[in-house]
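Single-structure report; data block below.
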Amino acid sequence: MIHLPAPAQFSWTECLWFLDRRYDDCLYAIEGQSVTKAVVLEGRPVLLRISGDREGLKVDVKGGKSASEETIQAYVRDWFDMDRDVRPFYSLLRKHPRVAYMAREFKGLRLVGIPDLFESLSWCIIGQQINLSFAHKVKRQLVAAYGGSVAGHSLFPAPEVLAELKEPDYKALQFSRLKAEYMITLSKAFADGVISKVALLALEDTEARMKALTSIRGIGAWTANYALMKSLRDTTRIPHGDVGLLKALVDHDLMADRKDQKAFLRFFAEFSGWESYMVFYLWRSLSPPQLAAS
DNA sequence: TCCCAGGGCATCA
DNA sequence: TGATGCCATGGG
């Protein structure tokens, strides 16, 4: 059993709530106050069962020979963004009349990430311009057909596996022709080592990373920003044009309508350095409150 | 039936 | 640089 003390402004309940939305994600399982996820660490599949309370998180590692405790800790801390001091973000939140309530209602919510960059980008391609319910269905089908598993818990398919697929294989999983093409390109790029988290992190700044990502066919500004937020932990990215984000901004009376670009920029200028957190909290605000209580 | 969904790309002015 | 049309399919 591994213990991770909770940092300031960290709520396991809020993080778990985010994972436990209505979509039935196939890559982890929620049971009560714990989440179980299969993951490959140090080249070996392991099963992590994470539970928490006010003191912090407990990680139970299942399976035989597993990764080092240090690696497991780093994975969990990254997943829930536990190493970040979010207090400056909370100061900004409280200063803004329209969103100040989030500092109370979503207190301790961290930007729950997707540590695996390949999974993250694949998920973006799947989700492009389709509703989230259907996107999850397509992901489930892809994972069921080509992913691995640990004690019944699914792993996202490896790029080497997906790179071998052809368009009809993807079509059978309800990918569109273009998305099939994007997935083939993306998985080959990962399989060949052209893209990786390490390679992107080695670039000089966030703009260089954006450029590297968007040079890949099928990865536009929205996807690149999303992946930088969720996988590379860049807190300054905004997925411009995101329909949910725009809806939340209009709902909060922060934009007159979805085309009110000036208001959009004015708002985010007030959260400089914390744009991604603001986006995440706005997305959080879209979910009905009764789900939060369930 | 109709509109829209956590976009991306090609084309055109 | 911005606007427009197309792709493609399920959910509400």
Length of the line joining A:D242:CG and B:dG7:C1', which is rounded to integer Å: 10 Å
field: A:F175 CZ - B:dG7 C1' separation (whole Å)
entry: 15 Å
- prompt: Got more than 12 heavy atoms from elsewhere within 6.0 Å of CD, A:Q261?
  reply: yes
task: Extract, from 5' to 3' on DNA chain C, the first and final nucleotides lying under 4.0 angstrom from some heavy atom of chain A.
output: C:dA8 to C:dG11
message: Expressed as a whole number of angstroms, how long is the span from A:Q129:CD to B:dC9:C1'?
response: 13 Å
Phosphate OP1/OP2 of B:dC4: any A:R258 side-chain N/O under 4.0 Å: no
task: Figure out the CZ/P separation between A:F134 and B:dA5, and round it to whole Å.
output: 16 Å
- request: Show the numbers, then the answer: is there a salt bridge (Lys or Arg N to Asp or Glu O under 4.0 Å) between A:K95 and A:E270?
  value: CA-CA 9 Å; A:K95 278 188 215 163; A:E270 297 185 54; over 6 Å; no
message: If I pick the C1' atom on B:dC9 and the same atom on C:dG10, what distance separates them, to the nearest angstrom?
response: 23 Å
- prompt: Residues in salt bridge (charged side-chain N to carboxylate O under 4.0 Å, His left out) with A:E164, at least two apart?
  reply: none
- prompt: Is A:D205 salt-bridged to A:R209, cutoff N-O under 4.0 Å?
  reply: no
- request: For A:A221, report the nucleic acid contact type (base, sugar-phosphate, nothing); a contact means any heavy atom under 4.0 Å.
  value: sugar-phosphate
A:K262/A:D257 ion pair, N-O < 4.0 Å: no
task: For A:R177 and B:dC9, give me the distance from atom CZ to atom P, rounded to whole Å.
output: 13 Å
task: Provide, to the nearest angstrom, the distance between the CD atom belonging to A:Q174 and the P atom belonging to B:dA5.
output: 20 Å
- request: Evaluate the ring planes of A:F280 and A:W283, with Trp represented by its six-membered ring, and classify them as parallel (under 30°), tilted (30 to 60°) or perpendicular (over 60°).
  value: perpendicular
- line: When rounded to whole Å, the CG to C1' distance for the pair A:L286 and B:dA5 reads 13 Å
- request: Hey, which sits more toward the 5' end of DNA chain B by its nearest nucleotide, A:S133 or A:I216?
  value: A:S133
- prompt: Once you round it to whole Å, what is the distance between C1' of B:dA5 and CD1 of A:I130?
  reply: 8 Å
- prompt: A:T206 pairs by side chain to side chain donor-acceptor pair (under 3.5 Å) with which of A:T235, A:N225, A:D234?
  reply: A:D234
- request: Would you classify A:I219 as touching base, sugar-phosphate or nothing, given that sugar-phosphate means primed atoms plus P, OP1 and OP2, and contacts are heavy atoms under 4.0 Å?
  value: sugar-phosphate
